[in-house]
Visitor: 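Would you mind keeping the following structure in view while I ask a few things?
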Amino acid sequence: MPAHRYDAALADTIETTWQERWKAAGTYHTPNPSGSLTEGPSNGPADLAQRPKLFIMDMFPYPSGTGLHVGHPLGYISTDVYARFKRMTGFNVLHTMGYDAFGLPAEEHARATGEHPRTNTEANIANMSRQLARLGLGHDDRRAVATTDEAFYKWTQWIFNQIFNAWFDEEAGRARPISELEAEFESGTRTPEDGTIWANMTAGDQRALINSYRLAYVSEAPVNWCPGLGTVLANEEVTAEGLSDRGNFPVFRRPLKQWMMRITAYSDRLLDDLDLLDWTDSIKTMQRNWIGRSEGAHVDFKVPTATDGDGEVANIRVFTTRPDTLFGATYMVVAPEHPLVANLTTNAWPQGTKDAWTAGAATPAEAVAEYQKVTSQRSDLDRQDNKQKTGVFTGSYAVNPVNDQSIPVFIADYVLMGYGTGAIMAVPGQDERDWEFATEFDLDIIRTVQPPADFDGDAYIGSGPAINSGFLDGMEIDEAKTAIIDHLAEIGAGEGTITTKLRDWLFARQRYWGEPIPIVFDEDDNARSIPDEMLPVNLPELIDWAPRELDEDSDPEPPLGRADGWTTVELDFGDGLKTYKRDLNTMPQWAGSCWYYLRYIDPVSEDVVADPVSEKYWMGGDDPENGGVDLYVGGVEHAVLHLLYSRFWHKVLYDLGKVSTPEPFKRLINQGYIQAYAFVDDRGMYVEAGDVVEAGDGYTYEGQTVTREYGKMGKSLKNSVTPDDMYRDYGADTLRLYEMFMGPIDQDRPWETKSVVGSQRLLQRIWRNLVDESTGELTVSDIPVPDDLNRMLHRTIDSVRTAMDALSFNTSIARITELNNELTKLDGPTPTAVADPLVRMISPLVPHVAEELWSKLGNETSVVYAEFPTADPALLVDDEVEIPVQIKGKVRSRITIAADADEATMEAAALADPRIVELLDGAEVRKVIVIPGKLVNIVA
RNA sequence: GCCCGGAUGGCGGAAUUGGCAGACGCGACGGAUUCAAAAUCCGUUGUCCGAAAGGGCGUGUGGGUUCAAGUCCCACUCCGGGCACCA
């Protein structure tokens with residue numbers, strides 16, 4: 001074995017050496033334009049901070065205890081390659097990494113082992129940092145943050161205060177400081193909606209009124225209670241099956257007093273501003289669907305025989321997207337949990353009650369009570385499984401405001417309390433669900449849209465003229481909608497409106513390992529925020545922080561309630577020192593990740609969340625509509641959770657003037673996942689994939705035949721390959737190169753350890769073309785570059801530049817391989833004029849070996865800030881080109897011709913080609929298509 | 001059910017605006033080198049017919065537009081993902 005062959009051992013030496021040098025020189029220290037961290041690298045250009053900026057980010061990881069497998073760093077390598085490329089093309093690049101370290105797993109681990117979550121979390125961070133550092137990622141480590149650092153969560157709490165101390169001004173369409181609302185009430189320019197006089201209210205009532213406007217507020221509302229995790233969860237954290245997103249525990253709906261964030265106020269802007277973003281359509285669609293905006297109308301139906309809570313005639317307000325079908329409403333349904341149900345339920349079945357409506361009960365009261373009990377016990381999963389329509393009659397009739405028809409009011413669980421108003425007008429003629437219910441319960445069906453003659457289905461939801469609809473008859477749907485909404489407004493029975501599926505964000509968790517909510521409660525139980533200058537509110541040290549084992553009927557118990565001496569605090573809000581009760585909840589996992597990019601910009605300042613000049617520079621605040629992080633790479637699983645919450649917080653901060661752009665992330669890319677083969681034995685158990693051997697057509701493990709499967713790499717499938725294995729067998733540069741060569745960044749791809757050798761071979765060949773394997777001496781020489789090679793070099797430079805810019809690293813590598821293959825074929829030393837640009841081109845991909853070769857070539861400065869080669873346009877065009885000649889679209893011959901030959905010349909050359917003459921055999925040429933420099937196609 | 005993606009050799013994948021399908025790599029096969037092997041270097045490798053020259057077929061399926069279709073249009077199949085009694 002030659003002493004200087006590029007193998008794993010040499011790679012290891014090169015990599016660790018350069019990593020130390022980079023660290024010593026602060027090579028990846030990115031200078032801010034002002035404030036803190038204005039210092040750049042000691043071995044980099046002096047004008048970095050004056051260059052155009054580029055802010056590149058990965059979705060920061062949760063520091064898992066199991067360490068990394070080779071799938072994890074895929075995105076990190078991509079952003080690193082791109083960041084390095086951009087540094088070499090004149091940008092000041094901000095790229096660093098942090099840890100999203102609060103969350104349930106550390107707490108679950110703590111519960112199992114007794115180890116404090118902080119101890120465990122910090123150990124995990126240390127291990128992951130080590131594994132990542134070994135990859136040679138060019139991160140500015142001065143900017144690394146962990147959401148669990150007190151210095152970090154001080155600002156998470158500060159942002160909570162900003163949100164708490166703001167309200168949404170519907171007229172202005174944006175958030176404003178709560179002090180401005182208070183001033184409006186004080187001065188009388190705004191009066192409380194219920195007509196009371198501000199000046200006559202008690203201080204406590206005034207505070208309660210103000211609190212009801214805040215963007216962060218406490219509300220008694222149905223929440224997702226997850227006893228298995230001991231906490232309540234946000235809608236986004238509950239799966240369609242009614243289980244917790246994390247841990248798959250059952251989730252129960254129940255009313256509880258909890259912190260909410262008014263994200264719904266931002267629905268329209270969260271939707272509209274998607275247009276500003278360079279994200280994939282699929283992610284935008286997921287966010288649009290989650291927000292679920294639909295336009296329609298509210299319609300009020302009076303129930304003359306019932307009263308509401310205030311003794312007025314009961315009014316059932318419904319939401320409908322099809323107000324044009326109002327004349328076809330033959331019954332109504334309210335959700336079983338609807339607050340009016342008790343008022344609507346009568347004591348006896350009225351005349352005309354059909355048997356099917358009573359569920360066999362003696363009175364409506366009995367039927368309703370039984371139905372409510374049954375539905376409350378059914379989980380969401382049951383509800384979905386059984387799509388058979390059920391329900392009971394309440395005994396009441398409502399009046400259709402457009403034709404005074406009395407229609408029966410039912411309760412049924414196909415109407416959801418959580419959407420619209422929790423009540424519907426049922427139009428079986430134009431709605432499939434209502435049709436099913438009407439059929440089941442023997443209710444009238446009236447068509448109000450004329451279906452086409454050949455229509456033979458049930459409910460008709462297509463377009464057509466209105467029928468059976470009084471003054472609407474003959475109108476098409478859109479016209480009828482407008483007309484009926486105008487009419488409803490006129491008679492005071494409704495109005496056009498918009499509804500969204502998005503609910504306010506449930507923000508409190510009854511866990512220990514999270515940011516304490518910086519709130520105290522006064523003697524009236526009104527919330528007050530802890531003054532900014534007193535932040536952070538640190539987590540108290542607890543001996544017993546584990547959530548208790550709980551069941552469905554128990555209440556959540558915040559562990560912070562056990563922190564003796566912490567649960568109350570003496571504060572002076574200007575009215576003397578008083579004792580206040582602390583809020584005992586912590587923030588959800590998502591809080592820190594909502595804003596961490598701002599702290600990357602300025603992780604140092606103690607008086608501002610981020611220095612404003614640096615914030616504007618890095619976020620692109622000079623052009624706000626196009627501002628935001630320039631590239632954000634991460635998994636698709638955050639499509640609605642993190643990415644929606646984060647946009648919401650950012651918009652609040654934007655409204656309050658704390659950030660300079662309306663959106664946080666300009667461009668988003670979802671990297672694919674690395675998948676791998678897994679193997680199952682005949683008992684159906686997964687076996688260690690690394691120990692399986694290929695045997696003929698099949699596979700064996702310890703002599704036993706096993707079957708091959710395929711899935712996401714991980715512990716459960718026993719198919720993990722760790723980066724540490726790859727560092728040992730090949731080196732970090734080979735791992736980087738292989739992962740980038742496997743395919744496009746956004747695609748899933750199968751891991752094959754046996755293919756890694758291909759990437760190592762490329763590095764070996766490059767090395768061998770520049771360095772003598774036995775002596776370690778350079779084999780590069782200042783000889784002139786042969787013309788063909790020079791042209792190839794410049795074509796390669798041109799393609800690689802374009803491909804790198806497009807994040808198409810796999811094709812970049814293919815082009816570099818081709819160039820290197822030419823060098824391999826070259827007899828004699830490699831010309832310096834080729835070696836130099838080759839090393840520059842590979843350096844974003846394989847920075848360590850590139851630095852080594854770069855210094856061997858005699859360079860004193862780092863290749864990190866060397867200029868990326870530029871192609872000479874004159875060398876991109878050949879004098880002569882070989883072009884195909886087609887007859888009727890099939891290639892029949894080739895001619896060599898001057899690259900700039902005009903159409904006539906090309907046509908003549910093609911028709912003169914002996915092979916073409918032979919094939920045409922005198923046939924009449926009807927047409928000749930000539931694409932200059934590309935091809936000739938003869939139609940004969 | 002609705003909404004997004006996707007389908008190209010044995011495998012991963014490449015292919016500006018419609019313009020030579022299969023770049024580059026893995027694997028496989030053959031050769032050089034070697035006592036032998038590893039490593040390295042050179043070559044072949046979509047498929048069918050053919051000794052060869054050459055030709056037929058070929059980008060999930062069926063149709064269409066075009067001088068020319070992996071790329072555009074229509075209909076469908078399968079795979080992946082999201083949402084789902086949302087009024």
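Naming convention: chains lettered A, B, ... in sequence-line order (proteins, then strands); numbering from 1 in each chain.
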Visitor: Taking the C1' atom of each, how far is B:rC72 from B:rG19, in whole Å?
Guide: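 Between the two C1' atoms, the distance is 14 Å.
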Visitor: Who does B:rU77 pair with, Watson-Crick or G-U, both distances under 3.5 Å?
Guide: B:rA7
Visitor: Is there a donor-acceptor pair under 3.5 Å between the side chain of A:R5 and the backbone N or O of A:A3?
Guide: no
Visitor: For B:rA36, which nucleotide in any strand shown is its Watson-Crick or wobble partner with both distances under 3.5 Å?
Guide: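 Paired with B:rA36, as far as the under-3.5 Å criterion goes, is no nucleotide at all.
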Visitor: Tell which nucleotide pairs with B:rU71, taking only Watson-Crick or G-U wobble pairs whose two distances are both under 3.5 angstrom.
Guide: none
Visitor: Tell me whether A:T330 contacts the main-chain N or O of A:D444 through its side chain, where contact means a donor paired with an acceptor under 3.5 Å.
Guide: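 At least one qualifying donor-acceptor pair exists.
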Visitor: CZ of A:R795 versus P of B:rU16: gap in Å, rounded?
Guide: 17 Å
Visitor: With a 4.5 Å cut-off on side-chain heavy atoms, are A:Y6 and A:D733 touching?
Guide: yes
Visitor: For a quick check of understanding: with a heavy-atom distance under 4.0 Å over all strands, which category does A:G758 fall into, base, sugar-phosphate or nothing?
Guide: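 Sugar-phosphate, backbone atoms only, no base.
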Visitor: Side chains of A:T264 and A:D504: any donor to acceptor distance under 3.5 Å?
Guide: yes
Visitor: Could you check how far CG of A:L763 sits from P of B:rG25, rounded to whole Å?
Guide: 13 Å
Visitor: For A:Y419 and A:F319, take the angle between the two ring planes, folded into 0 to 90°, and tell me which bin it lands in: parallel under 30, tilted 30 to 60, perpendicular over 60.
Guide: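 Correct class here is perpendicular.
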Visitor: Between A:N937 and A:K890, which residue's closest nucleotide on RNA chain B lies nearer the 5′ terminus?
Guide: A:K890
Visitor: Using atom C1' of each nucleotide, how far apart are B:rA21 and B:rC4 to the nearest Å?
Guide: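 The answer is 28 Å between these two C1' atoms.
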Visitor: With C1' as the reference atom in both, quote the distance from B:rC74 to B:rU66 in angstrom, rounded to an integer.
Guide: 16 Å
Visitor: Using whole Å, what does the distance between atom P of nucleotide B:rA14 and atom CD of A:E818 come to?
Guide: 14 Å
Visitor: Evaluate salt bridge (charged side-chain N to carboxylate O under 4.0 Å, His left out) for A:K389 paired with A:E440, printing each intermediate quantity in order.
Guide: CA-CA 7 Å; A:K389 295 285 177 292; A:E440 194 84 20; over 6 Å; no
Visitor: Pick base, sugar-phosphate or nothing for A:K825, based on heavy-atom distances below 4.0 Å to the nucleic acid.
Guide: sugar-phosphate
Visitor: Roughly, in whole Å, what's the span from CD1 in A:I931 to P in B:rC20?
Guide: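 Atom-to-atom, A:I931 to B:rC20, this comes out as 10 Å.
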Visitor: Does A:Q764 have a side-chain nitrogen or oxygen under 4.0 Å from the phosphate oxygens OP1 or OP2 of B:rU40?
Guide: yes
Visitor: Taking syn as any angle within 90 degrees of 0 and anti as the rest, which one fits B:rG62?
Guide: anti
Visitor: Counting any heavy atom closer than 4.0 Å, what does A:K501 reach on the DNA or RNA strands: base, sugar-phosphate only, or nothing?
Guide: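 Since a base atom lies under 4.0 Å of A:K501, the category is base.
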Visitor: Would you tell me whether A:T448 and A:Q430 have side-chain atoms, one donor and one acceptor, within less than 3.5 Å of each other?
Guide: yes
Visitor: Please give the distance between the C1' atoms of B:rG70 and B:rU33 as a whole number of Å.
Guide: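 Comparing C1' positions in B:rG70 and B:rU33 gives a spacing of 43 Å.
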Visitor: Can you check whether A:L277 reaches A:L668 side chain to side chain, under 4.5 Å on heavy atoms?
Guide: no
Visitor: Can you tell me how the ring of A:F679 sits relative to the ring of A:Y677, calling it parallel under 30°, perpendicular over 60° and tilted otherwise?
Guide: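 A:F679 vs A:Y677 ring planes: tilted.
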Visitor: Measure from the side-chain heavy atoms of A:Q886 and tell me the nearest of B:rC20, B:rG27, B:rA87.
Guide: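 The nucleotide sitting nearest to the side chain is B:rC20.
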Visitor: Mind checking the C1' distance from B:rA7 to B:rG58? Whole angstroms is fine.
Guide: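 Comparing C1' positions in B:rA7 and B:rG58 gives a spacing of 15 Å.
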Visitor: Does B:rU65 have a Watson-Crick or wobble mate here (both distances under 3.5 Å), and if so which one?
Guide: none
Visitor: When you measure from the side-chain N and O atoms of A:R288 to the phosphate of B:rG82, is any distance below 4.0 Å, counting only OP1 and OP2?
Guide: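 No, outside the criterion.
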Visitor: Can you tell which of B:rG25, B:rA87, B:rG13 lies closest to the side chain of A:T321?
Guide: B:rA87
Visitor: Rounding to the closest angstrom, what is the interatomic distance between B:rG6 and B:rC41 at atom P?
Guide: 38 Å
Visitor: Expressed as a whole number of Å, how far does the P atom of B:rG81 sit from that of B:rA87?
Guide: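 Each nucleotide's P atom is 26 Å from the other's.
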Visitor: Under 3.5 Å, which N/O atoms of the protein pair with N/O atoms of nucleotides 52-55 of chain B?
Guide:
from	atom 1	to	atom 2	distance (Å)
B:rG54	O3'	A:R915	NH2	3.3
B:rG55	OP1	A:R915	NH2	2.9

Visitor: Take the protein atom CD1 of A:I813 and the nucleotide atom C1' of B:rC26, then report the distance between them rounded to whole Å.
Guide: 14 Å
Visitor: Does A:R317 pair with A:D300 as a salt bridge, N-O distance under 4.0 Å?
Guide: yes
Visitor: Within the pair A:S294 and B:rA87, is there a side-chain N or O less than 4.0 Å away from OP1 or OP2?
Guide: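 It does, given that an N or O in the side chain of A:S294 lies less than 4.0 Å from OP1 or OP2 of B:rA87.
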Visitor: Salt bridge or not for A:R288 and A:D275, using N-O below 4.0 Å?
Guide: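 Yes, A:R288 and A:D275 are salt-bridged.
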Visitor: Can you check whether A:R768 has a side-chain N or O nearer than 4.0 Å to OP1 or OP2 of B:rA39?
Guide: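 For A:R768, the contact criterion (side-chain N or O under 4.0 Å from OP1 or OP2 of B:rA39) is not met.
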Visitor: If you assign each of A:W290 and A:S759 to its closest nucleotide in RNA chain B, which residue comes earlier from the 5' end?
Guide: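 Checking each residue's closest nucleotide, the 5'-ward one belongs to A:S759.
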Visitor: Where the side chain of A:N937 meets the backbone of A:G889, is there a donor-acceptor pair that is under 3.5 Å apart?
Guide: yes
Visitor: Please state how far atom CG in A:N821 lies from atom C1' in B:rC42, giving the value in whole angstrom units.
Guide: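 Computing the A:N821:CG to B:rC42:C1' distance gives 12 Å.
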Visitor: Could you state the OH-C1' distance from A:Y738 to B:rG13, rounded to the nearest angstrom?
Guide: 11 Å
Visitor: Looking at A:R815, does any N or O in its side chain come under 4.0 Å of the phosphate oxygens OP1/OP2 on B:rA14?
Guide: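 No, outside the criterion.
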Visitor: Using a cutoff of under 3.5 Å, can you pull out all pairs of nitrogen or oxygen atoms linking the protein to nucleotides 1-12 of chain B, with atom names and distances?
Guide:
from	atom 1	to	atom 2	distance (Å)
B:rG12	O2'	A:M742	O	2.7

Visitor: Is there a Watson-Crick or G-U wobble partner for B:rG1 with both distances under 3.5 Å, and if so, which one is it?
Guide: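 For B:rG1, the partner nucleotide comes out as B:rC83, under the 3.5 Å rule.
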Visitor: Could you work out the separation of B:rG46 and B:rG1 based on their P atoms and round it to a whole Å?
Guide: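 So the two P atoms sit 42 Å from each other.
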Visitor: For B:rU16, give its Watson-Crick or G-U wobble partner with both distances under 3.5 Å, or none.
Guide: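 When the pairing criteria are applied, nothing turns out to pair with B:rU16, so the answer is none.
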Visitor: Please report, rounded to the nearest Å, how far the P atom of B:rA87 is from the CE atom of A:M417.
Guide: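 So the two atoms are 16 Å apart, to the nearest Å.
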Visitor: Considering Watson-Crick and G-U wobble pairs with both distances under 3.5 Å, what does B:rC29 pair with?
Guide: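 Here B:rC29 is engaged in a pair, and the nucleotide opposite it is B:rG43.
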Visitor: Could you tell me whether the side chains of A:D913 and A:S893 share a donor-acceptor contact shorter than 3.5 Å?
Guide: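 Yes, A:S893 and A:D913 have a side-chain donor paired with an acceptor closer than 3.5 Å.
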Visitor: B:rG54 pairs with which nucleotide, Watson-Crick or G-U wobble, both distances below 3.5 Å?
Guide: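 B:rG54 is paired, partner B:rC49.
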